[in-house]
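A short worksheet on the structure shown next.
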Amino acid sequence: MHPAVAVGLVFGGCCSNVVFLELLARQFPGCGNIVTFSQFLFIAVEGFIFETNFGRKKPAIPIRYYFTMVAMFFTVSVVNNYALNLNIAMPLHMIFRSGSLIASMALGIIILKKRYSVSKYTSIALVSVGIFTCTFMSAKQVASDSGLNEEDGLQVFLWWLLGIAALTFALLMSARMGIFQETLYKQFGKHSKEALFYNHALPLPGFLLLAPNIYHHAVLFSQSEPFQVPVIGLTLPIMWFYLLMNVITQYVCIRGVFILTTECTSLTVTLVVTLRKFVSLIFSILYFHNPFTAWHWLGTAFVFMGTLMYTEVWNSLGPFLARWRKRPKEE
């Protein structure tokens, strides 16, 4: 498949996914569990049919390693989605998750004993300052915009702090999972589609612990206003339509990233994913009118500048621009 098609899948799938997730979270902030369960179920069924050939294909990586990976992946997914129920706005949610470089570098130094160049440390400092700026300004908004008395306002702020703690935990856990995957792939080779299936199939029994919450939101979704799906004319509750589109776009997003990793360098993948996050952030602010001050914009600029510096995209663009300048001019 042409890389341009994969880039289109990433931008179209991932950006649309964020839109439908925000539509769901704005109506029912606590719907993270049913969203996570639906995404896991869809990808697990698809992988069972097309990757494992209905269970007949044996995994290349021993199943015991997947149980460890799954425990981390399940925790990260549930915590990230549940954070939306703790007064965390979608823009801050996206900016905070863009700080994965910080967690990856920190754990890489601690666990893998890695050492990095000065430019890498500088880029991480920029990302850290950007996230701190956005988080601090969001904290002030939560404190001032609650419109409640002092006691209730403090309670809202404390829930917000818990949401920040949840995002921080998920960020560190995700980085630890990445290191664990890296060591597995070095030992057994890369099997991305297989890992995608087991990471989504094995945690499904764990959702039994969340069954009451999932059922509660399923009932609420069924009571939402009816919506007629364009083209096919099918009528269903609008929240179920949002959930269906969220699941489909999540799959398109994941498949796009997977195709991109097989067709392009890791630098290109990082750059595309970073730009996709930036586009999603801008769309969320403009379309949903999420509060975003000049300080938020400054923090966002630091985050994305730091990310691009970390990937050394400027060094890659240099030779390309030099060749472009030297190209023969048309008469």
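Computed from heavy atoms alone, side chains included, the values below leave out hydrogens, waters and symmetry copies. Residues: numbered from 1 along the sequence shown. In this text, all values refer to a predicted model and were calculated from it rather than measured experimentally.
With hydrogens and angles ignored, the 3.5 Å screen pairs a side-chain donor or acceptor of Thr249 with a backbone N or O of Asn246. Under a 3.5 Å cut-off, the side chain of Ser174 and the backbone N or O of Ala170 do not form any donor-acceptor pair. Remark: the backbone N or O of Gln250 is not paired with any side-chain donor or acceptor of Gln39 at under 3.5 angstrom. Panel note: side chain His216, backbone Asn213; no donor-acceptor pair is recorded below 3.5 Å. Side-chain atoms of Ser77 do not come within 3.5 Å of backbone N or O of Phe74 as any donor-acceptor pair.
In this structure, the ring of Phe73 has its center no less than 6.0 angstrom from the ring center of Tyr198.
Smallest separation of non-hydrogen atoms from Glu194 and Lys58: OE1-O, 4.3 Å. What you find for Asn199 and Phe40 is that their closest heavy atoms are O-CE2, 3.7 Å. Between Gly306 and Leu126, the shortest heavy-atom contact is CA-CB, 3.9 Å. Nearest heavy-atom pair, Leu196 versus His200, reported as atom, atom and distance to 0.1 Å: O-ND1, 2.7 Å. The minimum heavy-atom distance between Ala83 and Gly163, with the atom names listed, is CB-O, 4.3 Å. Across all non-hydrogen atoms, the minimal contact from Ser119 to Ser117 is OG-OG, 3.0 Å.
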Begin with the C-alpha distance, continue with both residues' side-chain angles, and end with the deciding distance and a verdict on side-chain contact (heavy atoms from CB on, under 4.5 Å) for Val76 and Met177. CA-CA 9 Å; Val76 168; Met177 184 180 70; 5.5 Å; no

Worked check of side-chain contact (heavy atoms from CB on, under 4.5 Å) between Leu243 and Val35: CA-CA 7 Å; Leu243 181 62; Val35 172; 3.9 Å; yes

Take Lys193 and Arg255 through the test side-chain contact (heavy atoms from CB on, under 4.5 Å) and record every step on the way to the result. CA-CA 9 Å; Lys193 289 187 69 176; Arg255 289 292 294 160; 3.6 Å; yes

Applying side-chain contact (heavy atoms from CB on, under 4.5 Å) to Arg64 and Thr68, what does each step give before you reach the verdict? CA-CA 7 Å; Arg64 66 179 182 275; Thr68 303; over 6 Å; no

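In this structure the side chain of Asn33 never reaches within 4.5 angstrom of the side chain of Asn81, judged on heavy atoms. Using a 4.5 Å heavy-atom threshold, the side chains of Ile111 and Arg176 count as touching. In this structure the side chain of Phe20 never reaches within 4.5 angstrom of the side chain of Leu244, judged on heavy atoms. Using a 4.5 Å cut-off on side-chain heavy atoms (C-beta onward), Leu220 and Met239 make no contact. At a threshold of 4.5 Å between non-hydrogen side-chain atoms, the residues Leu158 and Leu162 do not count as touching.
Note that the CD1 atom of Ile214 and the CG atom of Leu210 stand 5.5 Å from one another [nearest 0.5 Å]. Phe50 CZ to Lys57 NZ: the interatomic distance, rounded to the nearest 0.5 Å, is 13.5 Å. Interatomic distance, Tyr251 OH to Ile248 CD1, rounded to the nearest 0.5 Å: 11.0 Å. If you take CE on Met305 and OG1 on Thr122, they are separated by 11.0 Å, rounding to the nearest 0.5 Å. Taking OH of Tyr121 as the reference point, atom CD1 of Ile109 lies at 4.0 Å (rounded to 0.5 Å). A distance of 10.0 Å separates CD1 of Ile49 from CZ of Phe197, quoted to the nearest 0.5 Å.
Note: Phe48 and Phe54 have perpendicular aromatic rings, judged against thresholds of 30 and 60 degrees for the angle between ring planes. Relative ring orientation between Phe221 and His217 is described as perpendicular, the plane-to-plane angle rising above 60° on a 0-90° scale split at 30° and 60°.
Follow the hydrophobic side-chain contacts under 4.5 Å out from Leu23 and you never reach Tyr82; the two are in separate clusters. Clustering ILVMFWY residues whenever any of their side-chain heavy atoms sit less than 4.5 angstrom apart, transitively, puts Leu172 in a cluster other than the one holding Ile179. Note: the hydrophobic cluster containing Val219 does not contain Phe28 (ILVMFWY, side chain heavy atoms under 4.5 Å, direct or indirect links). Hydrophobic clustering places Val129 together with Trp295 (ILVMFWY residues linked when any side-chain heavy atoms are closer than 4.5 Å, directly or through intermediates). In this structure, Tyr65 is a member of the same hydrophobic cluster as Ile63, with clusters built from ILVMFWY side-chain heavy atoms closer than 4.5 Å.
Side-chain atoms of Ser280 and Arg276 include a donor-acceptor pair closer than 3.5 Å.
A ring pair (Phe, Tyr, Trp, His ring centres under 6.0 Å) with Phe37 is found for one member of Phe207, Tyr215, Phe42 and no other, namely Phe207.
Within a 6.0 Å radius of CH2 in Trp159, no more than 12 heavy atoms belonging to other residues, nucleotides or ligands are found.
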